[in-house]
Each structure stands twice: as C-alpha cells, then as structure tokens.
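Shown next, in structure tokens, is the structure this report addresses.
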Protein chains: 2
Amino acid sequence: MAQETDGSARKTVDKAMRVLNAFTHERSEFAIGELARELDMHKSVVSRLVAALRRWRILEQDPDTRLVRVGVGAFRLGSIFATRQNIVRVVTPYLGALVARTGHSAHAVLLDGNRALVVATVESPHALRVIMRVGEHRPLHSTASGKIFLALGDPALLLATERERGLARFTAGTVADPARLRAQLTRIRREGIAWNEGENNPGAGGVSAPVLDEGGNVVAAISSVFPLNVVDAAERAALGKETLLAAKRASQAFAASVEPPAPGAARARRAPRRAPAAGKERETPRLSSAGRARR
Amino acid sequence: MAQETDGSARKTVDKAMRVLNAFTHERSEFAIGELARELDMHKSVVSRLVAALRRWRILEQDPDTRLVRVGVGAFRLGSIFATRQNIVRVVTPYLGALVARTGHSAHAVLLDGNRALVVATVESPHALRVIMRVGEHRPLHSTASGKIFLALGDPALLLATERERGLARFTAGTVADPARLRAQLTRIRREGIAWNEGENNPGAGGVSAPVLDEGGNVVAAISSVFPLNVVDAAERAALGKETLLAAKRASQAFAASVEPPAPGAARARRAPRRAPAAGKERETPRLSSAGRARR
DNA sequence: AAACGCAGTTGCCTTATCAGCAACAAGTAT
DNA sequence: ATACTTGTTGCTGATAAGGCAACTGCGTTT
C-alpha cells in the first residue's frame, strides 16, 4: 500500500489512538459500530481495539448499554500530567483570587497542538456567567487566550493556524482576515493582554494575559471571561488590569516553583543534551503539525 | 509462544499500554532505555512505541534530556473521564465543607481495579496535616476508604485482594490476617464507616464513609485523614460523624445529579440490554482481575 | 410465535506489520 | 583522541492484525 515513508509507524497503536481521540466532552460515549463508522474502520477491528484498551481501563464499557466510555485508567494518566505540570497547581489559587476580585469566571489554558486546552477553571458566583470546562479545546484565533499564544508563542503556530483550517468564522465578530489578526497580535505583544469581543461565542468576551517562565516563554494563559452586555468599558479596563496582574503573579510563582531542589531526588538526571537529528518529526497525523512553543 | 488462548489480543496496543502503565506519580519521567529495561522490551521497540504515542501527545519528550513524560493528550482524555464522572464534581464541595468543619485533610477515592484511586483532595489548613495527591493509588486492605470498598462493594473484590498479593504488611498495625480483616468489614457494614489507625502509614489515620448511588451501590468513598498523635478519642468520634454526614450529603447530591433529563440530547440510546456472553473477561493483564462493583 | 434485522464478538486464513538485530548518529566520560 | 553511553533507523523473517463470515443475543415486525 506504499504507506508514505514514515520510519516509525506502529500503525496498530495509531489506530488505537484514533479511537481514543474520537472521545470528546461533547461526545463521550460511543457504540462500537458508531466508532467504526466514524473512523472508517471495521467493526471487528474496533471491537478488538476497545477490548484491548478496556483491559487497561483506558476505556470502559457500560455493561448494560455496551456504550464505550473513557475509563479510570485515562484519568490516572491525566492526573500524572496534571501533577507534573506545576502550572495547574500554581495557577489555580490566582484564578480564585482573580474571580474573588472581579466577580467574573476565570480559567487557565495550555497550548495543545494548535488549539488551547482549558486546564483549570474557577466560576463566577454570579447567576449570569460564562462557563468553561476543564478539558475543552478552544480555537486560537477567536479567543483571548488563543491570541496570547499566537502573539507570544512560536511564530510557526500562527502560520500553521492560518494554513490549517483557515481562520474559521464562528460569529459575526470573528477575525477571519489574516491581516487584521496580525495587526491585533502586534498590539497584544505591545500591551501584554489580549481581548476577545464575542469572536468565539456571541455575547461572551474575554481578556487574557500570559504566564511566562523565567526565559520569558509563554507556558500558559490566564483569562477572565464575561457577558459582553453587562460589562461596560470602565469595568473592562479594570478587568484587564486585574487579569494581567494575576498572570504576572502566577508567572513569578511558577518561576519560583520550577524544580525546587528536589528533596528526596534519587534518580540521576544527566546534563542537558540537545535533541539528536530527530528525522522527520510530523506530530499528530492528519491534523497537520504546529511547532511547539520553543523553550 | 502458545500465548494462552486470548481471543482478542491486540498485542501491540498491549505493549503500548504497558509503557503508559509504567508512569506513576513517583516515577513520572523515564529515559527510553530505562523503560526498555523495566518492561523487558527492546530499545528499538520502546523507541518506536514512544514515537507513536508522542504523535498523539499522550506522551511527550523533553527536547533536552530526552526523558519521556506523560503528555497533554493524556490529560485531555482524563478530563473527559473526570467530567463524565459526576462524582468528582459533585463531591468536591462537600470535601471542602468537611475540611472547614474538622480542620483535617479530606479526599475522595474511586475504585480502580483492586486499588483505590484518589480523585479529589482538599488539604487541611494546619501545618501538621496528612497530604494525599490526586492520582495516587492506595491499597484496599490498609486504608479506611479501601475497607469501604471491601466491605460494601463486590464480594469478589475481597477474594481478589486476598489472593493477589496477600495482605501486604506496611506498618506494625496493618491488618494482614484475613480473619481479622473480615471481622472489621462486618463491623464496617454495620456502622457505615471504616477506620484506619496507622495501618498504611505510621502515624497517619483516617475515617471513611461511602458515597452511594440510588441503588445503594458504592460509587466512591470520602475520607478524612489525620495525624494519630494529636487527635484524641473524642475528636475522632466527631470526625467520624462529620465524615459520615458529608458522605451522606454527597450521596444525595450525586443521586440528584445523575443523568439530568439531558437537555439537548440527540443520539438515541437503545433500551437497556444485558451484556452478551462476553467470553473470558480477564481485565488488566498480569495484575489479575477483580470484578468491578456490580450495579 | 416465528421470522427478520441489528450490534457485537470470534475463528480462520492471508497479508501486512512488527521485533530484533546491527549499524549509525550524537553526546559524554576517560 | 578514543571508548562508552543512549537513542534512532533500514532490513528481513516471524508474527500479529484485518477482513470476512458465521454466530450469538435482543428487539422489532409480520
């Protein structure tokens, strides 16, 4: 079948991952047949893959309905990531403080490929509030936090975003014109905060500021989100200031938290070493690649 | 190699999962070679598996040290589980309230195979406190929450636990005698709460109570943990009462939260149907199986 | 009731994929 | 400089995976 020369394929694993990737917050349960249809694989293949993943509890299956769901094993793995990522731990308290001061929901996102991944949220106590869930993905060009990554992250990210799906239009306000987006990004670089005025969801706006490591690289973005119709210009300005402040504090806390001399550190960690030749990279198949933010 | 007749194997996926399973909170980074040694696989195999998983960001690799870590893709999956599991969402506020009243750390655990998995924690504000991290696994027979599952969950769980590793002894207080353990379980069933007096960690004790669904099945356990030496009998009794109360409230909240009529529910869900023949089950290879709590 | 349809699992056989080896590439220690 | 590391990659025989079709449970239809 003349598979394009891809040195390390491990196609079976790839298929298993395609199965896992089908699960999202919106669609968190599938019948075997559904998966097969959606992924264009044969029933028997999906059935056997699911069985394999089930053995490790990465997936689970409702004994009654036979619907397949994400399992506790996936949660275990994810929690390892969350623990290691100081960011999540470090940033959460600042989100809480931010919400307490502003009254609007706040969240933190990480870059995941060429989308932003929500990794922590604190909800506003108000009845009218914007809700965001941990694990949700958001586009880069139509959200405040996304723009932070586009403006301050790897330039390749912007190129990939434009190329990929083009700049999809979600609302009337979405900035779908590359030139206008670039103009916004320049401004963001200057001011240090990014705005979104109903460009992703009608009626919902946001401000975002970067969490930076000691080298000045963006590691995450903190955002406040609010209903556009009840927040006037003055309040928005204040909200921007507060968000920026929270992000700055979080940056300091993050820098301070990185690799604390490791109390009971046992395993030797060799001195830094540049990655070797590395061949053709090509991360995440069929979704094309986006260079990760350099460190 | 006459692999024992296991109808659906998907051995490559299994190997990939063995790689993932190597990662824990204690060991969250590996060199490729380390993994190969530990899993008794060849360097080249691990290298290619890691490359495959990296493409989906389930794993990631430090560009400098080349150490392999759990990636953001795993976090994404895990968060889907966490969201779907109302338990985590529902229970957390009650943990907070419990800590506020008692001053001791509290956490919630789910059953993961034949261990308990910590899924939510709230720490005590005191300087002297017991700390537990989300994602940690704890044995069933030497922890309060574990005993809840043994006492109120599927009876097969107890058998599997005894068979598996025997009742490993962690401290002088560990109940390693099956008969004594069963006696404790009987009492737990009667009283509705379980105690641990330094049986897992010397000096640390805990009380746990079950979160039950509408059918009376254990879906989770809530525990308060405390330093044994500063908590006298009177305080322990109060702590037990509070923990039980929190668990009861959480149970009600959980029952109320299950499947809210599904507002925009689109996909048809067929009527319940018992799982078919199902062949030889055998969950989680090489760790033997433990029947899941029946529903 | 009996027949049909649908979803999921499983045995069999062919073919494609993977494990192992060894060479190589990069970096580190002697 | 030279000898060890550790990780990646081309190559080829051995193995594991895919497709098919049969079969099992169930629910629905005539």
Side-chain angles (χ1 to χ4, degrees), chain A residues 1-16 18-19 29-55 59 61-68 267-282, chain B residues 1-16 18-19 29-55 59 61-68 267-282:
Chain A
M1 205 192 252
Q3 170 74 15
E4 58 178 298
T5 45
D6 192 346
S8 57
R10 244 31 35 162
K11 306 201 179 174
T12 312
V13 176
D14 247 50
K15 271 174 219 150
R18 282 182 54 209
V19 169
E29 291 189 323
F30 287 90
I32 299 267
E34 258 178 321
L35 278 170
R37 233 171 299 120
E38 212 127 321
L39 301 170
D40 197 37
M41 297 164 66
H42 278 251
K43 278 198 310 182
S44 63
V45 176
V46 175
S47 171
R48 287 191 259 234
L49 284 176
V50 168
L53 293 168
R54 210 154 47 102
R55 282 151 53 95
L59 293 181
Q61 215 168 350
D62 188 295
D64 293 325
T65 64
R66 303 256 78 193
L67 290 177
V68 181
R267 251 155 17 74
R269 183 163 306 176
R270 287 187 316 320
R273 180 218 284 193
R274 266 280 119 209
K280 46 261 171 179
E281 189 57 6
R282 192 163 189 268
Chain B
M1 202 192 251
Q3 171 76 14
E4 60 178 295
T5 45
D6 193 343
S8 57
R10 247 24 40 162
K11 306 201 180 175
T12 312
V13 176
D14 247 50
K15 271 175 218 149
R18 282 183 54 208
V19 169
E29 291 188 324
F30 287 90
I32 298 267
E34 258 178 320
L35 277 170
R37 234 172 298 120
E38 212 127 319
L39 300 170
D40 196 38
M41 297 165 68
H42 280 250
K43 280 199 307 182
S44 62
V45 176
V46 175
S47 171
R48 287 191 259 232
L49 285 176
V50 168
L53 293 168
R54 209 153 47 100
R55 283 151 51 97
L59 293 180
Q61 215 167 353
D62 188 294
D64 293 326
T65 64
R66 303 257 79 195
L67 290 176
V68 181
R267 253 158 9 79
R269 183 164 308 176
R270 285 187 317 321
R273 178 216 287 195
R274 267 277 121 210
K280 45 265 171 177
E281 189 56 8
R282 192 162 189 269

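All chains are named by letter (A, B, ...) in the order of the sequence lines, taking the proteins before the strands, and each is independently numbered beginning at 1. Every value quoted in this text rests on a predicted model; they were computed, and no experiment measured them.
Using a 4.0 Å heavy-atom distance criterion, A:T12 is classed as a sugar-phosphate-only contact.
Between atom NZ of residue A:K43 and atom CZ of residue A:R37 there is a gap of 10.0 Å, rounded to the nearest 0.5 Å. Distance check: B:R18 CZ to B:L39 CG gives 5.0 Å after rounding to the nearest 0.5 Å.
The heavy-atom pair separating A:E29 from A:E34 by the smallest distance is O-OE1, 4.4 Å. Minimum heavy-atom separation, A:V13 to B:A16: CG2-CB, 3.9 Å.
Put simply, CG on B:D62 is 13 Å from P on D:dG7, counting in whole angstrom units. Distance CZ (A:R18) to C1' (D:dG18): 14 Å, rounded to an integer number of Å. For the pair A:L35 CG and C:dA7 P, the computed distance is 13 Å after rounding to whole Å. Whole-Å rounding puts the A:K11 NZ to C:dT15 P distance at 17 Å. When the P atom of C:dA7 is taken as reference, atom CG of A:L67 falls 12 Å away, rounded to whole Å. When the C1' atom of D:dA17 is taken as reference, atom CG of A:D14 falls 14 Å away, rounded to whole Å. Going from atom CG of B:D64 over to atom C1' of D:dT6 covers 16 Å, rounded to whole Å.
A sub-4.0 Å separation between OP1 or OP2 of C:dG8 and a side-chain N or O of A:K43 is absent. Regarding contacts with the backbone of D:dT8, a side-chain N or O of B:R66 is found under 4.0 angstrom from either OP1 or OP2.
Closest to the side chain of B:K15, out of C:dC18, C:dG8, D:dT9, is C:dC18. Listed nucleotides D:dC20, C:dC21, C:dC18 differ in distance to B:H42; the shortest reach to its side chain belongs to C:dC21. Among the nucleotides D:dC20, C:dG8, C:dA19, the one closest to any side-chain atom of A:I32 is C:dG8. When distances run from any side-chain atom of B:R10 to the nucleotides C:dG20, D:dT6, D:dG18, the shortest one goes to D:dG18.
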Does B:E38 form a side chain to side chain contact (heavy atoms under 4.5 Å, CB included) with B:L35? I'd like the steps, not just the answer. CA-CA 5 Å; B:E38 212 127 319; B:L35 277 170; 5.7 Å; no
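If you find the closest nucleotide of DNA chain D to B:V13 and to B:S44, the one lying nearer the 5' end belongs to B:S44. Nearer the 5' end of DNA chain C, as judged by each residue's closest nucleotide, is the contact made by A:G33, out of A:G33 and B:L49.
Side-chain to base pairing of A:R48 with C:dG8: no donor and acceptor N or O lie closer than 3.5 Å to each other.
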